[in-house]
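If you're wondering where the values come from, they're calculated on a predicted model, not measured in any experiment. Quick note on labels: first sequence line is chain A, next is B, and so on, each numbered from 1.
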There are 2 protein chains.
Amino acid sequence: MLSKKATIDDVARLADVSIRTVSRVINDSPRVGQATRAKIKQIIEDLNYHPNTQARGLAARRSYLLGMIYDNPDALYINDVQRGVLSVCRESGYELVVHPCDMHSDTLTEEAVSFVNRSQLDGVIILPPISENNDLAGALAKNNVNYVRLASVPLDKAEHVVISNERSATAAMAEYLVGLGHCRIGYIAGPKGMKSTRERLEGFCDALEKHGCKLETEMIARGAYTFESGIECARMLLANPNRPTAIFASNDEMAVGAITAAQEMGLKIPDDLSIAGFDDSILASRITPRLTTIRRPVMQMARKATVKLIAAVDGREEDACRGVTLVPSLVTRDSTRSLD
Amino acid sequence: MLSKKATIDDVARLADVSIRTVSRVINDSPRVGQATRAKIKQIIEDLNYHPNTQARGLAARRSYLLGMIYDNPDALYINDVQRGVLSVCRESGYELVVHPCDMHSDTLTEEAVSFVNRSQLDGVIILPPISENNDLAGALAKNNVNYVRLASVPLDKAEHVVISNERSATAAMAEYLVGLGHCRIGYIAGPKGMKSTRERLEGFCDALEKHGCKLETEMIARGAYTFESGIECARMLLANPNRPTAIFASNDEMAVGAITAAQEMGLKIPDDLSIAGFDDSILASRITPRLTTIRRPVMQMARKATVKLIAAVDGREEDACRGVTLVPSLVTRDSTRSLD
DNA sequence: GAATTTTATGCCAGCGCTGGCAATTTTCTT
DNA sequence: AAGAAAATTGCCAGCGCTGGCATAAAATTC
């Protein structure tokens, strides 16, 4: 058992070359002879040598570490993003450092910058809703930190961003519901202050109007993206003498809450009331009735974002700056049906 | 705008001391005078100086990086663990590098060791079911890697482990069901080969027998911890002419599948059939009827594990070696009721 | 007040690696 | 075959920090 880990010196000595040459092999530099390269590779293998990332980073100002900054409002979403990011990291030899933050903290920007500097991260991916914070983005840019933002809505700066067009997604949902004959529709919105809340609402609203249905003010309830708020909002909506025939909740948690509330009132879903959600979370497919919802290409977004980030880190800026937009898709299940 | 980041030299120059003294302040060494320390701290503040972790690590053989190794069978569980680990990391100045692995890979051990070495991790936390792999644990120990395992069952080596006693948890569930008057109970087990499968089953079985009820062979179905397998197993169990009055599924996903299957057969839960799960996942509280289940102290386990790990890293081995056992608790909701 | 202990600070080497350039060898020209 | 160009390799400095020891200053002892 090797009591000490092999270093580049050991490899060089055994290969009878200078460490500089070994370094070239490690870094896939072309300026190395065939035979030499093969010999060195063999020795690296035999020795089970792994270059010391810290030393590499110190010398080359690289850490091969990416960061992920997020608040924690939706664990499931984050999980998918993390998976996507990791899959690309794996392919590219990077590791991922995860870093939850409080989006409401006064020192968010400072703390995020410090995080990146402290760990010498090569770049960071910022998840919604923190990604909507332009101060942060500005501070990172100022500190020459590579970053990519994931967002559900267009941001002030269209660069370094991967977005899913949720406006068009909720529009599609509106059209789908109208197509089923619904016109009086209840809408459970997200909390004020998040861009996604407005974006989703507007997309839905506009599409509805385009088809001659108006989203009445009393048919809009403000939730908080939580199960409980979904229950309350649904109760409110359904207490209206002129009850909606369908309810769209702007996330699945609230939609499930709405289903629970409606069932408690003795309503059958989807016979007496159609309900749809947004996220296609694990809940959507497990609940009875299975929930009609909207699926964002989360994993794909995460992958794209990571590819962009690594491109920027490697100085291949070509397409790194351009924003990327992906479209969510409608998933129809059993919680919605035509009015007939 | 600082074009270059401040280094320890800058701080030392401004404070008119040697970098060694600044280093002492950074590392909270006691051997520094009051006044000097205060002055240096002030300058660090003013300069917004952050020590370079790579350089620190290279010199001190420390990275302040912890790793988390896991396969991905249960995203929700992992999420909770990650949160717990991170909360301790935050308090202790460590960052967390996440590293999913394929538990069935031939090169799992090699890859894990390489991961730790490559990134110079100070330690790793290993999640189930990978934590059950003793080869891995052995290899890590051999390489002088600090690690702590999270497990649901006693492992061969009782050291470096935080376990939740699931045997007693399923025993409690069995007693609870017996207490409700159930005696003919269906059991949906996990896949073969995982220790938790056996542990949960035995705990349940033994407790049942202690109360004079036997778990008949035809009342045991083998699932795969998935929703679909829960459906299938429940169908099988319920197809038995002498139907069970209660079904315990060894995780929530399967329990939800069982509920779905039972409802499809026209059974009312809990009136015609009691169903219980294991995990207290998000599903359990969202589904109708709300699921009776077992909650493991996941976050607490994760925290304990991390504290242990950091203690080991810091050389405070005192209690670092002793294993820790935590007990899950029964969460009774609406999916179970007394017979009669 | 000299000797001793304690406290505070500085110096040097080196952690393991890469960048830039120089040196060497090989290959190609003419 | 001599000179030029290209391919290969090596040397040195230094990335930013800490460990170990030496030194200097202050506090304590007798």
Side-chain angles (χ1 to χ4, degrees), chain A residues 2 4-41 43-44 47-65 93 117-122 313-315, chain B residues 2 4-41 43-44 47-65 93 117-122 313-315:
Chain A
L2 36 136
K4 263 205 160 188
K5 269 161 213 152
T7 73
I8 199 171
D9 294 289
D10 300 324
V11 178
R13 196 174 322 114
L14 286 175
D16 199 28
V17 296
S18 77
I19 61 167
R20 192 63 189 85
T21 300
V22 177
S23 170
R24 287 198 185 88
V25 171
I26 295 170
N27 293 285
D28 282 320
S29 157
R31 329 252 83 200
V32 180
Q34 278 298 309
T36 317
R37 159 167 285 124
K39 181 166 65 170
I40 291 176
K41 283 202 164 174
I43 290 174
I44 286 178
L47 243 41
N48 191 29
Y49 162 74
H50 295 283
N52 181 318
T53 315
Q54 292 179 313
R56 275 222 301 174
L58 189 57
R61 290 103 218 277
R62 291 280 234 114
S63 65
Y64 296 94
L65 249 33
N117 285 337
R118 202 181 333 123
S119 303
Q120 323 306 129
L121 302 182
D122 288 344
V313 170
D314 289 351
Chain B
L2 36 137
K4 262 205 158 185
K5 269 162 213 153
T7 73
I8 198 170
D9 294 289
D10 301 323
V11 178
R13 197 174 323 112
L14 286 175
D16 199 28
V17 296
S18 77
I19 61 167
R20 192 63 189 84
T21 300
V22 177
S23 169
R24 286 197 185 89
V25 171
I26 295 170
N27 292 285
D28 282 320
S29 157
R31 328 253 85 199
V32 180
Q34 277 298 309
T36 318
R37 160 167 284 123
K39 181 165 68 171
I40 292 176
K41 282 204 166 174
I43 291 174
I44 286 178
L47 242 43
N48 190 29
Y49 163 74
H50 295 283
N52 181 317
T53 314
Q54 292 179 315
R56 273 217 308 170
L58 187 57
R61 292 103 217 276
R62 288 282 233 109
S63 64
Y64 296 94
L65 250 32
N117 285 337
R118 202 179 336 120
S119 304
Q120 321 306 129
L121 302 181
D122 288 343
V313 170
D314 290 350

B:Ala55 side chain, from C-beta outward: closest of D:dG16, C:dG10, C:dC17
D:dG16
For A:Arg13, salt bridge (Lys or Arg N to Asp or Glu O under 4.0 Å) partners two or more places apart
A:Asp10
Hey, does B:Arg31 reach any base, or is it just sugar-phosphate, or nothing, if we go heavy atoms under 4.0 Å?
base
Between the two ends of the helix from C:dG1-D:dC30 to C:dT30-D:dA1, what is the bend in degrees, rounded to 10 degrees, where each end axis spans five pairs?
30°
OP1 or OP2 of C:dT9 versus the side-chain N and O atoms of B:Thr36: is any pair under 4.0 Å?
yes
Measure the distance from CG on A:Asn27 to C1' on C:dG16 and round it to the nearest whole Å.
13 Å
Once you round it to whole Å, what is the distance between P of C:dT18 and CD of B:Gln54?
12 Å
Is the shortest heavy-atom distance from the side chain of B:Arg56 to the side chain of B:Tyr64 under 4.5 Å?
yes
When you measure from the side-chain N and O atoms of B:Thr7 to the phosphate of D:dG16, is any distance below 4.0 Å, counting only OP1 and OP2?
no
Do the side chain of A:Gln54 and the main chain of B:Arg62 share a donor and acceptor less than 3.5 angstrom apart?
yes
Side chain of A:Ala60: nearest nucleotide among D:dT9, D:dG19, C:dT18?
C:dT18
Roughly how far apart are A:Thr7 OG1 and A:His50 NE2, rounded to 0.5 Å?
13.5 Å
What is the nucleic acid contact for B:Arg56, judged by heavy atoms within less than 4.0 Å: base, sugar-phosphate only, or nothing?
sugar-phosphate
On the nucleotide D:dC17, are OP1 or OP2 found under 4.0 Å from the side-chain N or O atoms that B:Ser23 carries?
no
In whole Å, I'd like the distance from the CZ atom of A:Arg24 to the C1' atom of D:dA7.
11 Å
Select one nucleotide: of D:dG10, C:dT9, C:dT18, the one nearest the side-chain heavy atoms of A:Val17.
D:dG10
Figure out the CD1/P separation between B:Ile19 and C:dG14, and round it to whole Å.
15 Å
For B:Ser119, the side chain to side chain donor-acceptor pair (under 3.5 Å) test, sequence neighbours excluded, returns none
To the nearest Å, give me how far apart NE2 (A:His50) and P (C:dC17) are.
12 Å
Here the distance between atom P of C:dT9 and atom NZ of B:Lys39, to the nearest Å, is 9 Å
Under 4.5 Å between any side-chain heavy atoms of A:Leu65 and A:Gln120, yes or no?
no
Nearest to the side chain of A:Ile26 - D:dT9, D:dC15, C:dT18?
C:dT18
Is any side-chain nitrogen or oxygen of B:Thr21 closer than 4.0 Å to OP1 or OP2 of C:dT9?
no
Is any side-chain nitrogen or oxygen of B:Tyr49 closer than 4.0 Å to OP1 or OP2 of D:dC17?
yes
Give the rounded distance in Å between these two atoms: CZ of A:Arg20 and P of D:dA13.
16 Å
Expressed in angstrom and rounded to an integer, what is the separation of A:Ile8 atom CD1 from C:dG14 atom C1'?
16 Å
